[in-house]
Amino acid sequence: MTVAVEEIKSLLRFYQALGFGDLPITVSPAGKAAPAEDMQQGDAEVIMGVLPADQTGDKDDQLRGLRDYIGDCQRCKLSKQRKCIVFGSGNAGARLMFIGEAPGKEEDLQGLPFVGDAGMLLTRLIEKMGLKRDDVYIANIIKCRPPVNRDPEEEEVAACRGFIEKQIAIIRPTVIMTLGRIALQSLMNSPDLKITAARGHFLDYKGIPVMPTFHPAYLLRNPRDKMLTWSDAQKVLARLGLSAGVKK
Ligand code: SF4
């Protein structure tokens with residue numbers, strides 16, 4: 001009962017942040033609202049899932065509302081070992097969004113995405129593109145660190161993917177760059193996509209162009225492929241109407 005009430009409170013704050021005055025509460029034929037104990041977590045998330053993606057209002061507030069909604073999430077077993085939920089960071093109004101796979105050790109400690117060695121490489125890529133981290137938004141498909149950095153399991157991705165979908169719907173970037181195979185396959189919901197074949201070519205996610213490229217951690221191990229990622233980044237810059245080192 002307490003958990004259900006907290007879920008509803010969190011959902012109310014989320015709706016408020018989105019600018020809703022009224023809530024789509026289900027009313028029984030007898031004219032009574034469904035009792036709180038009958039409202040399961042899944043019901044709340046179904047409601048979240050049908051939220052329109054083009055709400056007006058402050059995007060920072062909307063992201064805060066979503067973070068509140070996630071709360072101390074226990075929706076999958078990754079909650080048991082994590083230190084921090086790594087929600088995402090950057091500019092809520094970003095035109096470019098980077099999406100990785102999951103937090104690593106350093107991210108789990110700091111609660112921020114891409115802050116370890118791979119993160120430093122991503123920062124260098126962003127700066128080479130003529131941007132700053134504050135200009136873009138960075139998040140992961142999975143918000144909690146998998147033990148020993150193993151690949152996230154299917155049910156973990158299924159439990160968490162609604163959150164990245166909602167972040168994308170709020171930010172509505174002009175272009176998304178996915179980093180690595182897992183982010184690509186999870187976002188596109190296509191487990192057969194191969195990063196080596198897909199990278200360098202724009203895909204479509206709900207009308208937003210998606211450029212798959214390598215994960216920075218892979219590039220640390222395979223520095224010769226940095227040239228390929230730079231080529232992918234240049235295509236992104238062209239799509240944004242930017243050239244490297246020059247902000248328009
Ligand atoms: S990975 Fe996602 S669904 Fe799983 S506990 Fe963390 S926030 Fe919740």
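Starting from 1, each residue takes its place in the sequence as its number. All ligand and atom numbering here is 1-based and tracks the order in the structure.
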With A94, which residues qualify under side-chain contact (heavy atoms from CB on, under 4.5 Å), at least two apart? N91, Y137

So, taking the atom named CG in D135 and the one named CD in E127, what distance separates them when rounded to the nearest 0.5 Å? 10.0 Å

Go through ligand 1 atom by atom and flag the ones less than 4.0 Å from a non-hydrogen atom of R82. 5 (S), 6 (Fe)

Find the distance between CZ (F163) and CZ (R75) and round it off to the nearest 0.5 Å. 3.5 Å

Under 2.8 Å from atom 4 (Fe) of ligand 1, which protein atoms of type N, O or S occur, listed by chain and number? C76 SG

From M177 CE over to F214 CZ, what is the distance, rounded to the nearest 0.5 angstrom? 11.0 Å

Do the charged groups of K77 and E153 touch, with an N to O distance under 4.0 Å? yes

Approximate separation, where rounding is to 0.5 Å, of N140 CG and E101 CD: 8.0 Å

